[in-house]
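In what follows, a single structure is set out as structure tokens and then discussed.
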Amino acid sequence: MNHWLMKSEPSAFSIDDLAASPGKTTVWEGIRNYQARNLLRDEIQVGDLAYLYHSSCQLPGVVGVMEVTRGGYADPSQFDPASRYFDPRSDRHAPRWFCVDVKLNRRLGRVIGLQEMRTHEPLRDLALLQRGNRLSVMPVTKPEWDFILSLE
DNA sequence: GCCAACGTTGGC
DNA sequence: GCCAACGTTGGC
């Protein structure tokens, strides 16, 4: 089993949205970055766990744990002209973008903030904290995962 | 709202 | 294939 961190702007999709429908599966759609796409398509599998990270908000940080309920499949929104994620250049027979399904495992007791994480030596190599990182889906090692949980 | 750091696009 | 222009992300 692998561990991940997925970013979302809470104004678009937040932990509250996930918590509003317990047990419900959510399509993690709209990722339009090739590096993240490759992770969604090739690496992320059913049973993997992912931290939900709130970005571009008052207190950026990790807010919850999600579980992957379906591995990479063609992101339906790329074919939907009504979707903000529509991509007219994508071909149904060779989809350009992929998504996964997730459900909320649990909300953390508090936000593990970005600045707080920066102060901890065991998180020195955390992908999220590297300079200029803009990936919206990124790997988290098991030790990093456990350390972040220990901060709760 | 600012701006640094990217990624993407497109002319050549 | 290079690279300038442009668009986006995301912390502050």
Side-chain angles (χ1 to χ4, degrees), chain A residues 2-20 26-44 48-68 71-141 143-152:
Chain A
N2 290 312
H3 299 80
W4 310 95
L5 181 147
M6 300 184 181
K7 293 181 189 172
S8 179
E9 297 185 22
S11 61
F13 185 83
S14 77
I15 186 82
D16 292 328
D17 296 313
L18 272 182
T26 297
V27 182
W28 203 260
E29 65 179 5
I31 305 298
R32 297 293 181 266
N33 167 282
Y34 287 104
Q35 212 176 331
R37 186 280 309 269
N38 292 345
L39 294 177
L40 292 168
R41 186 187 60 190
D42 306 329
E43 306 289 339
I44 303 181
D48 285 357
L49 297 177
Y51 280 133
L52 173 59
Y53 175 89
H54 279 176
S55 66
S56 294
C57 58
Q58 193 172 4
L59 178 54
V62 172
V63 296
V65 176
M66 304 185 295
E67 180 180 340
V68 177
Y73 62 101
D75 182 341
S77 67
Q78 71 196 302
F79 304 122
D80 178 6
S83 169
R84 58 178 290 218
Y85 302 120
F86 178 60
D87 184 348
R89 298 170 303 177
S90 188
D91 178 353
R92 279 189 180 277
H93 300 291
R96 179 176 301 202
W97 307 114
F98 285 72
C99 61
V100 299
D101 287 353
V102 298
K103 69 175 182 185
L104 181 63
N105 181 315
R106 72 183 186 89
R107 179 197 283 263
L108 295 189
R110 66 183 187 89
V111 178
I112 311 298
L114 176 64
Q115 287 312 317
E116 178 183 352
M117 288 191 281
R118 286 194 191 284
T119 67
H120 292 288
E121 161 68 17
L123 299 181
R124 182 177 53 182
D125 296 327
L126 185 68
L128 176 75
L129 304 183
Q130 303 315 305
R131 181 173 175 269
N133 188 315
R134 290 170 50 190
L135 265 187
S136 55
V137 177
M138 64 189 82
V140 176
T141 67
E144 289 166 346
W145 179 275
D146 291 340
F147 186 83
I148 291 170
L149 263 195
S150 79
L151 296 174
E152 183 185 12

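In what follows, chains are A, B, ... by sequence order, proteins preceding strands, each numbered from 1. Fair warning: this is a prediction, and the values are worked out from it, not measured in the lab.
Ion pairing of E144(A) with R124(A) is absent here, as no side-chain N (NZ or NE/NH1/NH2) approaches a carboxylate O to less than 4.0 Å. The residues D75(A) and R41(A) are annotated as not salt-bridged, no charged nitrogen and carboxylate oxygen being separated by less than 4.0 angstrom.
Taking the six-membered ring for Trp and the full ring otherwise, the centers of Y34(A) and W97(A) sit less than 6.0 Å from each other. For an aromatic pair to be called close, the ring centres must be under 6.0 Å apart, and F13(A) with W28(A) satisfies this.
Expressed to the nearest 0.5 Å, how far CD1 of I112(A) lies from CE of M117(A) amounts to 7.5 Å. From M66(A), atom CE reaches atom CE of M6(A) across 5.0 Å, with rounding to the nearest 0.5 Å.
At a non-hydrogen distance threshold of 4.0 Å, L114(A), Q115(A) from residues 111-129 of chain A come into contact with DNA chain C.
Residue contacts shown for R89(A) are limited to sugar-phosphate atoms, with no base heavy atom under 4.0 Å away. The residue S55(A) sits close only to the backbone: its heavy atoms come under 4.0 Å of sugar-phosphate atoms, none of a base.
Taking 4.0 Å as the cutoff to heavy atoms of chain A, we find the contact window on DNA chain C bounded by dG7(C) to dC12(C).
More than 12 heavy atoms of other residues, nucleotides or ligands lie within 6.0 Å of CD in E152(A), so this atom counts as buried by the packing criterion.
Residues Y51(A) and V65(A) form a side-chain contact, since some pair of their non-hydrogen atoms from C-beta on lies under 4.5 Å apart.
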